[in-house]
Every structure is written in structure tokens, then in C-alpha cells.
Protein chains: 2
Amino acid sequence: MNNPLATEVLEQSVLPGRKEQILSAAARLFRKKGFPSTTVRMIASELGMEAASLYNHMASKQELLKNLLFPVATAFTRGMEKIMAGKGSPVEKLEKLVLLHVELAMKHPDAVALILGEWIHLEEPDLQAFIRMRTEYENSFKKILEQGMNSGLLHHADPDLAVFSILSTLHALPNRLSRHPGISAEKLKSELVKSLLHGLVRN
Amino acid sequence: MNNPLATEVLEQSVLPGRKEQILSAAARLFRKKGFPSTTVRMIASELGMEAASLYNHMASKQELLKNLLFPVATAFTRGMEKIMAGKGSPVEKLEKLVLLHVELAMKHPDAVALILGEWIHLEEPDLQAFIRMRTEYENSFKKILEQGMNSGLLHHADPDLAVFSILSTLHALPNRLSRHPGISAEKLKSELVKSLLHGLVRN
DNA sequence: GTCTATATGTCGATAGAC
DNA sequence: GTCTATCGACATATAGAC
């Protein structure tokens, strides 16, 4: 990881410093209004300061986006590595992946929400780096699905389409959480596993 | 419908006039770069003209977004009404809904892609009107799911979460199509039905 | 209907006082 | 570390010639 702030941001210390406050406000605004429509004046206003003062804590607005997206992407990558290296059947690994998405979405709803659409506003070379991380994550996901299909635990289906289908839902989780708050991670995970893995139609 | 262009746009005449060319270029750019980051100069440039000339065919950039989003929303609403009024079991209706999303995503990938995230850039009162249409669509979707659960055709599950899960995937369909082109609508629909309705895990 | 020229506003970012 | 003041770039949209 090329960003020393990553763990700091995601572990969200109890007494956030100015940098953490700025990132938090930026995440909320980027999510609500989109990155290009969010002005540095808005971010400053959320913290009761002037726009110029922000530049004592950051280099640019673009840096804020980068420092939100990469810690999230790294957290997903680390989670995937841990799950792939661990024991368990492919089905159990898929359940762990669902839980990973649920937990990160609950812990950092605004930052996680940005991976749905705001990553397109990254500038090079960060944009390519981000896409690369996403592709690797999807490939790992597909590998687990293929293992499940080859071992007979899962029905045979187009693995690319299955990855797309499951990840489309998991990426949208922050939207779901903001509309229906107060659900537990375990409950949400088990409902998602039912819907995503076991299907709705009765046999 | 308050917009006389709607059917015209979605039916995409074989010899598109200037207005249709502008909407088509705008949709492609709004999708690729986002609405706020797309400039009217870019749209004009795609058609080999100057930005000022665009204003002979439109009132504002905002109007372009509106004239792309509402025809799409209306097409989904009309499709839903037709399916709900028709015959068939809840499961068959769900399959028809999947096909509706597949066909609209294939016919108008750029415009349909905008309903994923760009609708937030609508201005009032259009924003409220759009959200209302979306909520009604989701309620109809939920009603069909509940009918399936009550009649024993579907497993009992949280209907709100099921709607969220299925629609998250269907809304992302344009992304899937741009990455894996060349698939037939019927093939894509049947794979999605397998993945979304029947589940992956073998019993 | 398209052009050049421009009005008007806001953006991200910097300079320099305190 | 926060402020006021401001720069230069670029945005949407308009005016008016052709």
C-alpha cells in the first residue's frame, strides 16, 4: 500500500484529528452530491472553516478522493486474501465474502459507497491502479465460484455473470443501509446469503 | 408523461435529427464522465459544432439529463404496468421483469446506465418526480414478490431486501453489457433468472 | 442554424497577514 | 493553523453577425 493514511483512516480513531474530520466530511459530501459537484468550500463549511484553511491539511481535492478510495479497496483486497488463504468450502468462503462486504459497508458507509460510481473521477495513474485492484478482486471472486461449480457444490452457470450479479448487489449495500438502518450485520448477511446464493424460487 | 420527446427518443428513429444526435452524444458522455464533468463543449465537439450552437436545439444542459432520464423511467413504468396487468404466475412475472431490464439495457445502454447514479443531478421538481417513479416501481416489484411468497411459489424472505438485491443487479446491467458484448437477450435473461431467482447453491 | 465574442459566475488553489 | 483577498481557468449561457 502506497498510502500511510490507509489504516489510520479505516480504523477511525476515537478522537479524530483534523485530517480525519476532513476525510469524513468529504466522504459524506462526495457520496451525497458526487465528487465533481462537491466543492472544497462545502467541505470546509462542514467543519466551520474557510476553504483556504483546508490546504494546511491536504494537497488537493483529488487527494481526498484517493485517500478515501484506496483504503477501502485495500480493505477489500486484504479481506479477500484472508478468506482465500483460509479453510472452508467454496460456499463457506462465499458466505465470508458477503459478511466482509456487510461489515465494511456498515463501518464506513460513505467511503464504501464511493466505489460504486465515484472512482471514475480518479486521475491517472491512480485510476489504472484502482481498476487493477478491482479486477484482481473480481478474479479471486470468480475463482471461488468456479471451485464451487467444479466440486459440484454450485450449479454450473456463467461464472462471469454470477460475479457480476453478486457484486452488483454487494456494492450497492451502503444504499440499502441508509434506507433501512438498524439491522444487525449477521441478520443482513444471512438474508443476503439466502437471496444471493440459495435463490428465491421454491423447488 | 410531461415530455413529448419521450417516445421519440426511446424509439430512436432511423434518421436521427439534430436533437436525437445531441441526446445520444450527451447520454454517452454523461455515462462515461458523469453529468457534472461533462461540458456542453464536449457534447458539441462530438457533433462537430460549437457549444453555442447547441442552444438552438435545447434550453440547457440540465434539460438534456431530464430528457434522457424520464423516457427511460417511463419505459420501465409502462413495462411494469403491462406485466402486472397480464396473466402468469408471480415467477413468470419476475422472469418478464428480468427480460424488460435486459431489453431496455440492450436498446439504450447509455441512457439506462444513467439511472444508476446520475439521477442525483436532476434539479427540483424533477428530482422528486423521478424518486417518486422509482419508489412506485420498487413497490410494484415488491408486490409481485410478496404474491409469490404468499402463494408458496417463493421462499419466505425479507421482500424489501429481495427487491434491493435483484434491482441492484438489474440496474447495473449496462455495465455488464459493455464488458461482455455480443450476448443475446434471451441467453442473458435466462442466465440472470438462474442466478437471481433460482440460486447458485445445489440442494 | 452556426458562428465569434463575451457576459457572468464559480471553481481549485495560492499569497501573505496574523 | 486560520484568515482575507485574489488569481487564472473554465463553466453555462446569451447577443448578435452572417
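Chain naming here is simple, since letters A, B, ... match the order of the sequence lines and numbering starts at 1 in each. Computed from a predicted structure; not experimentally measured.
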One character per nucleotide, please: for nucleotides 6-18 of chain C, 5' to 3', B when the base has a protein heavy atom closer than 4.0 Å, S when only the sugar-phosphate does, - otherwise. -----SBBBB---
Leu54(B) atom CG is separated from dT14(D) atom P, nearest whole Å, by 13 Å
Donor-acceptor pair, distance only, cut-off 3.5 Å: does the side chain of Ser168(A) make one with the backbone of Phe164(A)? yes
His101(B) and Tyr137(B) aromatic centres sub-6.0 Å: yes
For the pair Lys142(A) and Glu138(A), find out whether any cationic side-chain nitrogen is under 4.0 Å from an anionic carboxylate oxygen. no
Rounded distance in Å - CE (Met49(B)) to C1' (dA13(D)): 15 Å
Pair Lys194(B) + Glu191(B): basic N to acidic O under 4.0 Å: yes
Is Lys66(B) close enough and on-axis enough to Phe130(B), meaning under 6.0 Å and within 45°, for cation-pi? no
NE2 of His57(A) versus C1' of dC3(D): gap in Å, rounded? 12 Å
Using atom NZ of Lys33(B) as one end and atom P of dC10(D) as the other, report the distance to the nearest whole Å. 14 Å
Could you tell me whether the phosphate oxygens of dG1(D), OP1 or OP2, come under 4.0 Å of any side-chain nitrogen or oxygen in Ser53(A)? no
Nearest 0.5 angstrom please: Lys189(A) NZ to Leu97(A) CG, how far? 11.0 Å
